[in-house]
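For reference, the structure discussed in these notes is given below.
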Amino acid sequence: MEPCLENVKAIRRSKEEKKLLRKQIKASHTLLKHEGISTVSKPTKSLVVANGGLGNGVSREQLQVVLGEGGDVETLIMHPHKPYALVTYRTEVSAQRGHVLLNGRQLQCGDQVVTLYLSYVDTVDSESGVCAVLPPGLVLVEEFVSLEEEALLLDAIDWKSHDEEVTVQKALKHRRVKHYGYEFRYDNNNVDKDKPLPGGLPQACVFVLERCVRDRHVKVMPDQLTVNQYQAGQGIPPHVDTHSAFEEPILSLSLGAKTVMDFRHPDGRSVAVVLPGRSLLVMKGESRYLWTHGITPRKFDVVPACDPESPVAVTSDFSNHSNLTLSRRGTRTSLTFRNVRRTPCDCAHPSACDSQQAPPSPPSLPRSQTDACRLEAEYVHSVYEEIAGHFSSTRHSPWPRVCHFLSSLEPGSIVADVGCGNGKYLGVNPEVFAMGCDRSCALVQICSERGFQAFVSDALSVPLRSDICDACISIAVIHHLSTQERRQAAVEELVRLLRPGGRALIYVWALEQEYNKQRSKYLKETREQAPPGNSTDDHNQETKGLTGNSTDDHNQETKGLTVNSTDDHNQETRGLTGNSTDDHNQETRGLTGNSTDDHHQEKKGLTGNAVDSHNPAQDPSSMVMECSKVLPVKDSPVKLSVHTNRTAFNSQDLLVPWHLKDGGIKKGGRVSKMTKDPPIDTKSPVLAPCPVFHRFYHVFQQGELEELCARITGVMVQCSYHDQGNWCVILEKTRDR
Amino acid sequence: MCICILYLNVLSRISGSQATEVKVSEVEFNPNFVSRMIPKLEWSALVQAADGLGHLQDLPTELIADYEANEDFLRKVHRVLLEVEVLEGCLQCPESGREFPITRGVPNMLLNEEEA
């Protein structure tokens with residue numbers, strides 16, 4: 001077979017050139033992966049300039065100058081929020097010159113330095129120049145108040161009493177908020193309609209309201225006002241004002257500096273609307289009930305270049321992007337007037353409506369291979385694809401006992417990590433040849449970017465020869481399989497890969513989160529070991545009322561069991577979003593309020609464990625048996641309950657929530673629901689209503705994993721143990737099979 | 001995805017026309033590591049794949065005896081095993097002809113529900 005040399009770029013380059021080329025390729029891969037931009041190797045007139053985008057803080061004017069070094073620029077497209085620009089030169093020669101001169105060029109943008117990487121792209125489509133459309137029901141009225149009136153209003157807001165309650169530090173981090181008329185409640189997302197605040201709305205605002213009524217923006221005088229003050233860099237997470245709390249329209253008067261408010265439709269469409277100072281925003285219909293609105297916390301906005309005072313909307317499609325630039329933010333104060341709703345909401349958007357929404361029907365435990373595949377596709381695979389980046393960022397510390405297993409292998413061993421995730425274990429022992437495979441393309445890509453050997457495959461069908469591996473590991477994987485047969489098949493597949501005498505290490509999440517008087521990390525917020533004498537486990541734990549969001553008929557009280565965290569699992573204090581990272585990096589975002597200290601004193605709001613000092617600890621295995629015995633067998637499908645993170649497991653098959661950190665609705669994401677706590681309607685400093693994803697788990701009882709291995713011929717369980725809330729076994733493939 | 005993996009893989013056919021982007025990088029040479037890997041490889045498959053990618057160069061088509069002591073040989077193996085990478089291409093199953101894509105260095109070996 002003739003080698004096709006012209007297709008193969010195998011030229012050795014100098015180290016510097018290679019490094020630049022590597023970075024350029026990496027940039028182009030990122031562009032492909034995240035932005036769908038395909039680069040080509042043959043020169044064309046058009047280039048993508050990675051890191052040269054408005055999203056990087058690079059302004060049009062600045063980039064235009066730099067690109068001009070290559071030759072005449074025909075068009076320069078800079079989409080808002082994007083980390084790249086698309087340039088088309090008049091001639092291919094200019095494009096090539098631009099590439100040579102600018103690839104690797106560093107630009108000073110404010111206090112940052114960005115490095116540009118250029119790659120050729122196929123000709124960029126010319127834009128239609130269609131005007132962007134505001135979300136339905138949204139009206140923007142410019143110059144609603146005069147300069148003098150604006151000054152009067154700003155003067156009338158009394159921040160002093162506010163600042164007494166709030167520490168200076170908080171005021172710097174979060175926007176300032178003040179309410180008039182009615183009080184907000186965080187626990188039910190709603191206004192306390194029976195407790196109007198004394199003083200009502202400030203007298204100074206009355207003329208504004210009268211004007212709104214006169215101009216027919218609203219029929220009834222609003223009775224609730226929220227004032228928000230945003231410094232540059234502050235914002236408010238995307239949200240829909242709770243339907244049942246307020247009527248429509250919602251009126252928002254902007255004072256001070258202009259800003260950009262982002263509106264997003266559930267289908268992923270987004271529109272960015274410039275709100276000039278002294279303008280009134282009227283939200284009715286879809287814009288009030290369906291689209292979320294938010295202000296990204298940042299110091300610059302992208303606005304149209306030619307007419308900065310005009311309230312042009314910029315969409316997520318490709319219109320207008322040849323004419324944008326950056327605008328620095330200043331202090332903005334908004335006065336949002338609303339009418340408190342006193343009857344249930346009957347809007348035309350039930351999907352976003354808390355008055356009308358029925359809870360979605362939960363999935364059930366599968367009873368066939370097809371059902372199992374479908375359940376896993378929805379509640380495992382697609383979830384990991386969506387959360388891969390965030391998930392990977394919380395999985396960076398390898399567990400010691402797994403490392404020990406890997407480090408004790410002979411140099412030159414071949415090791416397969418089946419379900420390798422972000423490749424956490426692939427680099428632990430550089431003396432062995434480790435390969436990872438995972439079902440998630442996004443996670444495998446992360447492994448590849450880290451320089452590990454990894455491929456995408458299913459754990460039940462690993463494309464490696466039999467008897468090839470000296471060792472295998474499968475860490476926190478098999479518990480995602482939804483039937484006993486599939487879990488066993490996964491172990492059998494590991495055994496197939498092993499050479500005779502080879503060993504496999506398997507970790508699965510345990511039903512029993514406390515073992516040998518040690519709580520695992522799943523319930524603990526802090527890392528500290530329970531000091532002696534303050535034992536958490538001399539006492540019988542009762543997890544009363546621990547139901548989470550269970551819809552399961554078989555909800556059991558798990559006597560004698562506490563639930564502790566492992567670092568493989570997302571932690572969340574009840575009612576609050578907070579994704580914790582592993583052992584070494586406790587990330588307790590947002591408000592935790594509830595400490596899970598080693599004395600496990602129950603704090604308010606933490607569902608969990610009452611301490612009873614008079615009852616001795618019960619034998620965990622008998623607790624387990626109690627659990628399984630009580631569960632009756634039914635003909636009808638077993639509904640899967642949703643687990644409340646950081647609490648005891650009340651069933652073996654469940655859905656475990658993951659709160660995606662970056663807030664807002666992910667495009668095309670499989671969002672199980674939007675969390676209702678924390679509250680999403682108040683214009684107060686609260687957390688973003690982040691999307692919640694549910695992952696299927698079958699948590700293993702003590703002995704269950706060993707029992708499963710015992711059913712497989714030709715293997716021997718070398719040892720089994722409990723490690724931080726997991727059941728673990730080391731299996732050996734026997735030589736005489 | 002280095003060539004090494006391909007031999008460990010049942011589906012080990014890859015040809016020049018199927019690899020559209022191959023990268024060669026420098027990897028630190030560890031003779032012990034290479035020696036230990038060799039017995040685990042299907043030599044003929046390694047040769048075939050290297051050839052298919054246009055990187056056979058002077059790699060012997062037969063495994064030589066006493067390779068552990070032969071640094072020259074080990075270096076040739078090292079190059080092919082660890083330094084030649086397929087970034088874009090596909091793997092073809094010699095039995096079924098089914099192709100599995102390699103994208104940005106990552107092979108996707110998933111079978112459809114019907115095939116599994």
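In the text below, chain A, chain B and the rest are named by the order of the sequence lines, each starting its count at 1.
Nearest heavy-atom pair, A:S474 versus A:V477, reported as atom, atom and distance to 0.1 Å: OG-CB, 3.5 Å.
Between the side chains of A:Y384 and A:H480, at least one donor N or O lies within less than 3.5 Å of an accepting N or O. Using a 3.5 Å distance cut-off with no hydrogens or angles, the side chains of A:S482 and A:E376 do pair a donor with an acceptor.
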I'd like to know whether B:L41 forms a side-chain contact (heavy atoms from CB on, under 4.5 Å) with B:L81, so could you lay out the CA-CA distance, the side-chain angles of the two residues, the decisive distance to 0.1 Å, and finally the verdict. CA-CA 10 Å; B:L41 306 173; B:L81 275 190; 3.7 Å; yes

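There is no contact between A:S466 and chain B, counting heavy-atom distances below 4.5 Å. Heavy-atom distances place the side chain of A:C441, and not its backbone, under 4.5 Å from chain B. Looking at B:T103, the atoms closer than 4.5 Å to chain A (heavy atoms on both sides) all sit in the backbone: N, CA, C or O.
Among the candidates A:E492, A:R486, A:E485, the single residue satisfying the side chain to side chain donor-acceptor pair (under 3.5 Å) test with A:Q488 is A:E492.
Options A:D458, A:D470, A:V456 differ in how many heavy-atom pairs under 4.5 Å they form with chain B, and the most are formed by A:V456. For the set A:R439, A:E410, A:Q369, A:E431, the entry with the most heavy-atom pairs within less than 4.5 Å of chain B is A:R439.
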